[in-house]
Amino acid sequence: MEIKNESVLVMDFGGQYTQLIARRVRECNVYCEIKPCHITAAEIKEKGYKGIIFTGGPNSAYDENGPKCDPALFELGIPVLGICYGAQLMAETLGGKVIGIEDNREYGKTEIEVNPSSLLFHNAKPAAVCWMSHTDRIEELPHGFKTTAISKDCPIAAMEDIKRNFFGVQFHPEVEHTEEGQLYLRNFLYNACGCTADWKMDSFVADTIAHLKEKIGDKKVLCALSGGVDSSVAALMVHKAVGKQLTCIFVDHGLLRKDEGDQVEKVFKEQFDMNLIRVNAQERFLAKLAGVSDPETKRKIIGEEFIRVFEEESQKLGKMEYLCQGTIYPDVVESGVGASAVIKSHHNVGGLPENVGFEEIIEPLRDLFKDEVRKAGLELGIPEFLVFRQPFPGPGLAIRIMGDITEGKLEILKDADAIMREEFAKNGLDRQVNQYFAVLTGIKSVGVMGDGRTYDNTIALRAVTTSDFMTADWARVPYDVLEKISNRIINEVKNVNRIVYDITSKPPATVEWE
Ligand code: XMP
């Protein structure tokens, strides 16, 4: 899908902050794309980028084997901003010198002094805190450059060649700890590149819907709706474009959170009048899972059964030309667009077989980051509780019940989890903590209730803060909130007599218990 906005190129040299840089650029209302660093000057020219940002990276710019850029890109007349390794590479390529600094490595918050007459630091404070993380530094400027910022241990913390619109910064403007990082980025994007901030969610949504309408014409589209943010927003965009030509299949495997199936059905059927088929397949899934306690086997069974149910239902509908999926930009980048590609370990249960006979896959969110998907969702009028829903694993509650799954266990877990979610929302923790849920641990222990001895289930509460789910910290939930949740679960949920709170980070633990 080609929607034309002014666009900036983020060239990935394998830095850990590549996606963050791109998100920051988008926050300045400028569209950008991440491409691997071996993109050629000819491709860059053809794409018509308004600016180029070199990311950081783990290598040394003087290392023969480190990633390089096509030097011809410096002849295109396009402004370039190099960040950390990107700045050093720019310096080396244009005739400067970079050296290793064994003794005075800078790591963490550092104060820099900037030259306010520099374009990059226009309207900036003369001294500001920024985030440094480097073991090399620029020792000699390339011809035409001057120093525009210094720090105690870094005599060239920023440089620029204003004639050619080339800029380099040793620190990371994209990181939150860099106080005025967003201002520096805006200065580059607006003042050096001349971007007009035309990347806006309302126009993206309107343009995409118009585009989908034209592309789909009078053909039919099928979508697997899970009730998660991505598939909901994708489906609704298509629905706004072609209405009842879209059919959504919502497979309720019975492993969803309490009342979730009904909520999804209500929103999409009643509020949006969508063509939604809810398949109540709880019994079928439970029968397949009966007696199975190995976590990976449970995942596999659910994944396979999901595909089977989806296929059966879609066959009943006759020919559908298009399949709509909620793929988002990080999925695209992670599957190999950037140099820092990370392979996703989890395949969503929504994953569908490739050869189901569709002419084409439609992915309206392919260019969006998660926070942009949420903005688009709000723009489309999807209720906040759906738009800001925490991530939920495809296999659902099955991987939060240790051991085999029964209807009784599911009921206990659903009730306990609902109480936890309710209390988190009441105390404003639902937007602060990235994922939180109850686990049925499979442990039974002794307790006393009233005058009697009990021997019953242990529920664990799990709550984590994280930015990418690759690593996570356990959330410091206030004791009184934990106390309230614990009391309520004990009083309101039968067959539970003990609550524990999980205080392990990831690593060494994972977010889920299975
Ligand atoms: P872990 O437990 O691996 O979880 O630290 C990281 C994130 O991934 C989610 N998760 C899954 N998502 N299918 C999914 O669609 C799965 O099998 C699966 N396992 C974990 C988990 O909820 C967390 O957000």
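Indexing begins at 1, ligand by ligand and atom by atom, following the structure's order. Here the structure is a predicted model, which means the values were calculated and not measured.
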Residue selection (non-hydrogen contact nearest [atom]) among [options]:
atom                    : options                : value
atom 15 (O) of ligand 1 : Gly394, Pro391, Ala509 : Gly394
atom 11 (C) of ligand 1 : Pro393, Gly396, Pro395 : Pro393
atom 4 (O) of ligand 1  : Thr466, Val511, Val464 : Val511
atom 19 (N) of ligand 1 : Glu296, Arg299, Lys298 : Arg299

(request) Check ligand 1 against Lys506 and write out every atom of the ligand that is under 4.0 Å from a heavy-atom position of the residue. (result) 1 (P), 3 (O), 5 (O), 6 (C)
(message) Checking the N or O distance criterion of under 3.5 Å, is ligand 1 in contact with Gln435?
(response) yes
(request) Using the test ring-ring contact (aromatic ring centres under 6.0 Å, His included), find all partners of His38 that sit at least two apart in sequence or belong to another chain. (result) none
(message) Any donor-acceptor pair under 3.5 Å linking the side-chain atoms of Thr504 with those of Asp502?
(response) yes
(request) Could you tell me whether Arg278 and Asp252 have a side-chain N and a carboxylate O separated by less than 4.0 Å? (result) yes
(message) For Ala206, give me all partners under side-chain contact (heavy atoms from CB on, under 4.5 Å), at least two apart in sequence or on another chain.
(response) none
(message) Suppose we call two aromatic rings close when their centres sit under 6.0 Å apart. Are His172 and Tyr17 close by that rule?
(response) yes
